[in-house]
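First up is the structure itself, then whatever we jot down about it.
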Amino acid sequence: LKYQRVELARSETSAAGQLDLDGSADDHYLDAARDALAVERLASPMLDLIEERSMSWLYEELERPLVSVLARMEENGVGVDVSELRRMRDYLVSEVNRLESEIHLLAGREFNVNSTKQLREVLFDDLGLTPQKKTKTGYSTDAASLEKIRDQHEVVALLLDYREVEKLRSTYGQGLLEATDPDERIRATFNQTVARTGRLSSEEPNLHNIPVRTALGREFRKAFIPQQGYEFLVADYNQIELRVIAHLAEDPGLISAFEAGQDIHNATAASIFGVSVDGVSAEQRSQAKMVSYGLAYGMESYGLAQRLGIATKDASEILESYFAAFPAVKSYMDRIVEETKDKGYTETVFGRRRPIPELSSSNFRVRQAAERQAMNAPIQGLAADVFKIALVAIDAALEQMQSRSRLVLQVHDEVILEVHPDEAETVHELTVTNMRGAAELRVPLEVNIATGPTWADAKA
DNA sequence: CGGGATGGTG
DNA sequence: CGTGCACCATCCCT
């Protein structure tokens, strides 16, 4: 147990024995006593460090108040419709069984479909299909690789279906039921000090990755419900990371698109492909979306090509067009990498730091990964700051009005409340106001908001 | 137990 | 040559 200038040696724990009044010494008490001692010893030097690094606002006004907000959310938990969950699990179990049998039939033998090792043998040895990329242990069987050999054998499409259904069955069907308390609520742990960018994370269970992209997966959101007589209110930031990029890069084109309230992906596509905003095709909009998000993470033409299913050369042209249309974004990315190299860490306007020492690595790959982190951390970090400010403010506003409505979930840029009908209008209003007003960026913050009887229904 | 592969979210 | 950030859970396998 060691931190900076303070070290609490193992021997110190013997002093904790003094708390053991009845003599029935127990590891549990020793641990608690050691924790208490550690806090006592660490508080002062750590507060000094916070002050020294000008992080007092971040700590006193944001992170510390957030502790009790998250504690309340954890304690409340979120309601689930257990019979709906069971129905889904049962359906998924039967589908998995059906697909497994069909796969065994087509493969010509029984094997564990969940074992990549066995699956590899079946696909590439028995059936002689064409391997795509490699992993550390052999040929890859991931979805992208299977997609490329879909036409070589009819079992491949079934495998892709199987993977989707088995994922939903195990992680969500079975997993969420096992995580449900007797009062039919799920209580996750929200970690405040795990994600290096300042985001929150959720574990046991992870409520930050409940499916939404496929129709079948999205069904799980129907099982998340408010307490009897209440309604869900879901509010999320519209394009917060792209707005943060516009803010940080001070890019005139991005800023004016957001100020004009344009559909940002349409506007981006129009700029990249040199067409009018009305003349953007669905494919162009979709490609523009991939470019916008990809670049926030330092994606290169190869990666873009993989995701768009086009030639690297074409992807490279699209990227060039993007940076030509939004030149400030390019210079911002270059600038932030250099700055981070000098300082050794990235920093958000609210003072949140992320050290990135690997920027000086002699290993090219490590250094390149570090550069991408340096590009991404200020963006994801500032978005996280803004979101946390809103969360604390919403909670304070609810507290102040002695509300019966309460926060039950948050997912990076989205908050979910269960709202008492009498408070619907007030809570709607305070949620939007506090989210929009969380920070003053060079572009407006917009919030989508909707209500409904389940998480699935509360989508605008 | 822990690493690797895979895949779910923002 | 390798190729997008941040997480967490499940399953296999050693």
Side-chain angles (χ1 to χ4, degrees), chain A residues 96 111-120 133-146 159-160 162-176 178-179 188-191 193-214 216-218 220-221 236-242 244-245 290-308 312 315-316 319 333 346 354 356 363-381 383-384 387 409-414 455:
Chain A
V96 164
F111 66 102
N112 185 343
V113 187
N114 286 335
S115 162
T116 47
K117 188 163 168 278
Q118 294 179 40
L119 180 58
R120 223 158 25 215
K133 63 177 181 179
K134 276 183 155 184
T135 67
K136 285 176 186 175
T137 54
Y139 296 126
S140 173
T141 68
D142 69 7
S145 303
L146 293 183
L159 283 169
L160 287 162
Y162 174 92
R163 282 260 176 84
E164 181 189 351
V165 176
E166 168 62 5
K167 178 73 170 188
L168 296 176
R169 182 204 65 78
S170 60
T171 303
Y172 303 102
Q174 183 182 303
L176 290 178
E178 284 171 359
T189 299
F190 297 120
N191 301 307
T193 57
V194 168
R196 309 238 270 264
T197 51
R199 271 190 176 182
L200 298 170
S201 77
S202 164
E203 66 181 4
E204 287 185 284
N206 182 0
L207 294 179
H208 285 172
N209 71 343
I210 302 303
V212 68
R213 289 174 196 178
T214 71
L216 186 58
R218 202 154 48 233
F220 278 103
R221 297 194 173 213
D236 70 293
Y237 280 114
N238 179 306
Q239 314 285 3
I240 190 166
E241 286 203 357
L242 289 182
V244 165
I245 290 174
M290 300 278 263
V291 174
S292 296
Y293 281 113
L295 103 227
Y297 315 134
M299 189 166 60
E300 293 180 44
S301 51
Y302 174 87
L304 181 64
Q306 292 297 302
R307 281 160 189 81
L308 294 182
T312 306
S316 149
L319 277 180
M333 293 294 173
T346 65
R354 173 177 180 173
I356 310 185
N363 181 318
F364 177 70
R365 280 189 56 194
V366 172
R367 199 169 61 246
Q368 219 182 20
E371 288 174 1
R372 291 193 296 267
Q373 290 165 358
M375 295 184 233
N376 175 257
I379 300 166
Q380 200 181 107
F387 180 73
L409 276 182
Q410 42 68 31
V411 192
H412 304 309
D413 63 355
E414 171 181 0
W455 192 1

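Per chain, numbering begins at 1; letters A, B, ... match sequence-line order. Because only heavy atoms are used, hydrogens play no part in the values below, and waters and symmetry mates are left out as well, while side chains stay in.
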Interatomic distance where [atom1] belongs to [X] and [atom2] belongs to [N] [whole Å]:
X	N	atom1	atom2	answer
A:Leu160	B:dG8	CG	P	11 Å
A:Glu203	B:dT9	CD	P	20 Å
A:Asn206	C:dC7	CG	P	12 Å
A:Leu119	C:dC11	CG	P	16 Å
A:Leu159	B:dG7	CG	P	11 Å
A:Ile210	B:dG10	CD1	C1'	13 Å
A:Asn209	B:dG8	CG	P	10 Å
A:Met333	C:dC5	CE	P	13 Å

Base, sugar-phosphate or nothing for [X]? Non-hydrogen atoms, less than 4.0 Å.
X	result
A:Ser301	nothing
A:Gln380	base
A:Arg196	sugar-phosphate
A:Gln118	sugar-phosphate
A:Tyr172	sugar-phosphate
A:Asp236	nothing
A:Gln306	nothing
A:Arg169	sugar-phosphate
A:Arg218	nothing
A:Ala377	nothing
A:Thr312	nothing
A:Leu200	nothing
A:Arg365	sugar-phosphate
A:Glu300	base

By nearest atom, which of the nucleotides [options] is closest to the [X] side chain?
X	options	value
A:Val194	C:dC5, C:dC7, B:dT9	C:dC7
A:Arg354	C:dA6, B:dA5, C:dC8	C:dA6
A:Ala195	C:dC13, C:dC7, C:dC5	C:dC7
A:Thr141	B:dT9, B:dT6, C:dA9	B:dT6
A:Ser170	C:dC7, C:dC11, B:dT9	C:dC11
A:Asn114	C:dC11, B:dT9, C:dC13	C:dC11
A:Arg199	C:dA6, C:dC11, B:dT6	C:dA6

Look for any protein N or O under 3.5 Å of an N or O in nucleotides 2-4 of chain B and output each such pair with its distance, or none.
none

Exercise for review: Say whether, by atom type as modelled, one donor and one acceptor occur between the side chain of A:Ser202 and the main chain of A:Leu207 under 3.5 angstrom.
Suggested key: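 Between the backbone of A:Leu207 and the side chain of A:Ser202 there is a qualifying donor-acceptor contact (under 3.5 Å).
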
Are the side chains of [X] and [Y] in touch, meaning some heavy atoms are under 4.5 Å apart?
X	Y	value
A:Thr137	A:Thr116	no
A:Ile240	A:Phe387	no
A:Arg196	A:Thr346	no
A:Tyr297	A:Leu295	no
A:Asp142	A:Thr135	no
A:Glu203	A:Val194	no
A:Arg354	A:Gln380	no
A:Trp455	A:Arg218	no

Between [N] and [M], how far apart are the two [atom1] atoms, rounded to whole Å?
N	M	atom1	value
B:dA5	C:dG2	P	15 Å
C:dA6	B:dC1	C1'	26 Å
B:dG4	C:dT3	P	15 Å

Give a yes/no answer on whether the side chain of [X] brings an N or O atom under 4.0 Å of OP1 or OP2 in [N].
X	N	value
A:Ser201	C:dC8	yes
A:Ser115	C:dC13	yes
A:Ser140	B:dT6	yes
A:Asn112	C:dC12	yes
A:Arg120	B:dA5	no

Review point. Just wondering, are more than 12 heavy atoms of other shown residues or ligands nearer than 6.0 Å to OH in A:Tyr293?
Key: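 Counting neighbours around OH of A:Tyr293, more than 12 heavy atoms of other residues, nucleotides or ligands fall under 6.0 Å, so yes.
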
Check your understanding: Is it the case that more than 12 heavy atoms not belonging to A:Gln306 sit under 6.0 Å from its CD atom?
Key ->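 Yes, the 6.0 Å shell around CD holds more than 12 heavy atoms from other groups.
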
Point to revise | A:Arg169/A:Glu166 salt bridge by N-O under 4.0 Å criterion | key: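 A salt bridge is present here (some side-chain N lies under 4.0 Å from a carboxylate O).
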
**Study point:** Which residue lies more 5' along DNA chain C, comparing A:Tyr302 with A:Gln373 via nearest heavy atoms
**Key:** A:Tyr302

Practice item. Report yes if a donor N or O on one partner sits less than 3.5 Å from an acceptor N or O on the other, where the partners are the side chain of A:Arg163 and the base of B:dG7; otherwise report no. Key: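 Absent.
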
Practice item. Any chance you could encode DNA chain B as dot-bracket? Rule is Watson-Crick or G-U wobble with both distances under 3.5 Å; [ ] for pairs crossing earlier ones, | for another strand. Key: .|||||||||

Review point. How are the rings of A:His208 and A:Phe190 set to each other: parallel, tilted or perpendicular (split at 30° and 60°)?
Key: parallel

